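These notes concern the structure reproduced below.
Order of appearance sets the numbers: ligands from 1, and atoms from 1 within every ligand. Keep in mind it's a predicted model, so treat the numbers as computed, not measured.
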Amino acid sequence: MDKLIITAAVNGAEVTREHHPNIPYTPEEVADEVVKAYHAGASIAHIHARLDDGTPTQDRERYAQIYHHIRKRCDIIVQVSTGGAVGMTLQERMQPLLLQPEMATLTTGTVNFGSGVFMNTPEDIKTLAETMIREKVQPEFEIFEMGMINNALHLLRDGIVEGHAHFDFVMGVPGGIPATIHNLLALVQNLPQGATWTVAGIGRHQLPMALHALLMGGHVRVGFEDNIYFQKGVLADSNAQLVERVVRFAKEVGREVATPVEARQLLNLKQI
Ligand code: KMH
Ligand code: ZN
């Protein structure tokens with residue numbers, strides 16, 4: 001099996017300090033969480049920007065600050081969010097792409113998201129994909145429902161997205177695909193030859209989905225964006241603690257953990 005790529009999704013847009021006192025908001029706080037997760041074994045940081053009071057923002061300057069704080073301290077792959085938060089306009093969501101980060105998320109369909117709707121019309125998806133290609137940003141397809149794989153395949157077939165295809169299965173969002181092993185198998189079976197995949201289980205599904213992925217040769221995403229608990233009723237201390245646990249399980253089953261350099265090789269990204 002390939003070495004394991006661990007993504008740390010350190011803050012997201014929805015979870016606040018009312019849910020967990022250690023959710024990073026400022027650029028320095030986000031970078032601190034990312035660097036600790038890197039030392040624990042993460043090779044990709046999936047980041048969202050927040051204002052100092054925690055309000056989600058797609059402000060380009062705010063993302064630039066996060067990026068610079070991270071890059072001063074480690075070579076982790078920085079993946080910006082283009083999903084932002086429910087209700088943001090596409091123009092807002094696209095802002096961090098203009099920084100030409102190595103990677104960005106690209107959700108290929110609309111999905112109910114708790115009590116809201118995470119809108120991604122065919123036109124939105126095409127605009128995001130074309131902007132990523134123009135800015136030389138590698139997309140990670142965010143798959144909240146089975147049909148979104150097909151939409152991603154259309155982008156590849158039509159040449160709107162080029163290069164290596166990497167997918168993230170976000171499983172267990174209320175309104176999206178349930179986090180079960182049967183669903184995970186079905187998602188994987190629908191991927192094109194040569195694609196790589198990771199799984200982000202939401203809430204209590206984070207650990208079981210990570211363990212399935214470890215054994216199946218997939219990759220793993222953990223972090224506060226998707227889950228704030230270490231075990232039932234016990235908050236995780238940090239994103240790093242969630243990464244460390246995956247590293248321990250990986251060692252137990254003989255799966256080596258990829259460094260950022262190795263992750264770039266697996267994802268066909270340019271080395272920095
Ligand atoms: N916050 C969600 C509505 C992404 O980062 O691209 C969308 C999201 C996906 O988090
Ligand atoms: Zn996100």
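- Using modelled atom types, no side-chain atom of Asn151 and backbone atom of Gly109 make a donor-acceptor pair closer than 3.5 Å.
- Between Met146 and Asn190 there is a side-chain heavy-atom pair separated by less than 4.5 Å.
- For His46, the N, O or S atom closest to the Zn ion (ligand 2) goes by the atom name NE2.
- Identified under the salt bridge (charged side-chain N to carboxylate O under 4.0 Å, His left out) test for residues 239-259, with sequence neighbours left out: Lys3-Glu256.
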For ligand 1, find each of its N or O atoms that sits under 3.5 Å from a protein N or O atom, and tabulate the pairs with distances to one decimal place.
from, atom 1, to, atom 2, distance (Å)
ligand 1, 1 (N), Glu14, OE1, 3.4
ligand 1, 1 (N), Glu14, OE2, 2.7
ligand 1, 1 (N), Gly84, O, 2.8
ligand 1, 5 (O), His46, NE2, 3.2
ligand 1, 5 (O), His48, NE2, 3.1
ligand 1, 5 (O), Ser81, OG, 2.7
ligand 1, 6 (O), Ser81, OG, 3.4
ligand 1, 6 (O), Gly83, N, 3.1
ligand 1, 6 (O), Thr105, OG1, 2.6
ligand 1, 10 (O), His48, NE2, 3.4
ligand 1, 10 (O), Glu225, OE2, 3.0

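- The Zn ion (ligand 2) has no N, O or S atom of Glu142 under 2.8 Å away, backbone or side chain.
- Counting only residues at least two apart or on different chains, the ring-ring contact (aromatic ring centres under 6.0 Å, His included) pairs with a member in residues 47-72 are His46-His48.
- Taking the six-membered ring where tryptophan is involved, the planes of Phe118 and Phe113 are perpendicular, since the angle between them exceeds 60° and thus also 30°.
- Using a 4.0 Å cut-off between charged nitrogen and carboxylate oxygen, Arg62 and Glu92 do not count as a salt-bridge pair.
- Glu225 has its closest N, O or S atom to the Zn ion (ligand 2) at the position named OE2.
- Through direct or relayed side-chain contacts under 4.5 Å between Ile, Leu, Val, Met, Phe, Trp and Tyr, Met103 connects to Ile5, Ile44, Ile77, Leu266, Leu267, Leu269.
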